[in-house]
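Reviewing the structure listed below.
Proteins get letters first, then strands, A, B, ... in listed order; numbering begins at 1 in each.
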Amino acid sequence: MLNPQRSFVRPLLAWHEANGRHQLPWRDPDRSAFDILIAEILLQRTTASAVAGAYLPIIARYPSPEAVVAAHPEAVERRIAPLGLAKRAEFICRSAERLLARHSGDVPHRYEDLLGLHGVGAYTARSVLIHAFDEDIAAVDTNVRRLISRFFDVPPDSDALADLADALAPTQRGSEFQHAMLDFADDVCTARTPQCEACPFRERCRSPVYED
DNA sequence: AAGGCGGGGCT
DNA sequence: AGCCCAGCCTT
């Protein structure tokens, strides 16, 4: 295979600089780790545009685990409900309690500790490590799975896909790379009608999906 | 391994 | 009408 840094990572980062969704509120570099954790939970199976419309009031109300624990659980649920999957309100409440009980109110840096939070699985834990703590790894969600599966022609359900994604994450630019994959998969390498004609990597993609 | 959760946008 | 969305928990 051609050097994937040159054929995939670098062009993707360049595409992202010009076309990325840089304005999404949870990408503000001043966000706290807790704000990022909340965003990642809200983004589970939920479109970025939907979360973007609800995010700022939520973190203004619940900027810390203390604020979450002090709130009425029903009030948290009312704010989450418009996004669907309202059980996530309980996840957030339970996670906030655990942060206070076991982590001094801080978002932990250890992967295993993050997984111990209710509502935090492999994807969300990795996202926090990437965006809050600058780890140069990847988080495989439905978008990243589709993009890598298509470009490198590997089965979508293969275990090797996550390892491949990790290996692609560029030094010092893991967060940017993750955002680049998500934005590109949302805009060009889409699930239903991928914009292969407009894809800058069309000639290098191992499985182009053309419309007729 | 499979089922359920969920409102909203897009085709 | 059906498919999809920055997944995870429960059974």
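Using a 4.5 Å cut-off between side-chain heavy atoms of Ile, Leu, Val, Met, Phe, Trp and Tyr, L100(A) falls into a hydrophobic cluster with V69(A).
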Just distance, no hydrogens or angles: give the donor-acceptor pairs under 3.5 Å from side chains in residues 115-125 of chain A, sequence neighbours left out.
{"from": "H118(A)", "atom 1": "NE2", "to": "R94(A)", "atom 2": "NH1", "distance (Å)": "3.3"}
{"from": "T124(A)", "atom 1": "OG1", "to": "Q44(A)", "atom 2": "NE2", "distance (Å)": "2.9"}

What pairs of nitrogen or oxygen atoms, one from the protein and one from nucleotides 1-3 of chain B, lie under 3.5 Å apart?
none

Checklist outcome for this item: Each nucleotide of nucleotides 2-11 of chain C classed B (base within 4.0 Å of a protein heavy atom), S (only sugar-phosphate) or -, in 5' to 3' order, makes BBSBBBSSS-
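Within 4.0 Å (heavy atoms only), A139(A) reaches no atom of the nucleic acid at all.
F8(A) and F151(A) have tilted rings, their planes meeting at an angle from 30° to 60° on a 0 to 90° scale.
Taking atom P in both dC3(C) and dG3(B), one finds a spacing of 16 Å when rounded to whole Å. The C1' atoms of dT11(B) and dA6(C) are separated by 22 Å, rounded to the nearest whole Å. Distance check on atom P: dG8(B) versus dC8(C) gives 23 Å, rounded to whole Å.
Contact of the I148(A) side chain with the L168(A) side chain is registered, since non-hydrogen atoms from C-beta on lie closer than 4.5 Å.
Every residue was checked against the ring pair (Phe, Tyr, Trp, His ring centres under 6.0 Å) condition with Y62(A), not counting sequence neighbours, and none meets it. With sequence neighbours excluded, the residues forming a side-chain contact (heavy atoms from CB on, under 4.5 Å) with E74(A) are H72(A), R78(A), listed by chain and number. By the side-chain contact (heavy atoms from CB on, under 4.5 Å) test, A54(A) pairs with I58(A), L83(A), sequence neighbours left out. Residues satisfying the side-chain contact (heavy atoms from CB on, under 4.5 Å) criterion with C189(A), sequence neighbours excluded, are L147(A), R150(A), F184(A). R110(A) is linked by a side-chain contact (heavy atoms from CB on, under 4.5 Å) to E112(A), D113(A), counting only residues two or more places apart in sequence or in another chain.
For the salt bridge (Lys or Arg N to Asp or Glu O under 4.0 Å) condition, the pairs that include at least one residue of residues 163-185 of chain A, sequence neighbours left out, are E17(A)-R173(A), R21(A)-D183(A), R27(A)-D183(A), R126(A)-D166(A), R173(A)-E176(A). Counting only residues at least two apart or in different chains, ring-ring contact (aromatic ring centres under 6.0 Å, His included) contacts with residues 96-116 of chain A comprise H109(A)-F133(A).
Following rounding to the nearest Å, L42(A) (CG) and dC5(B) (C1') show an atom-to-atom distance of 15 Å.
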Item to check | Base-pair map of DNA chain C as dot-bracket, where | denotes pairing with a different strand and pairs are Watson-Crick or G-U under 3.5 Å | outcome: |||||.|||||
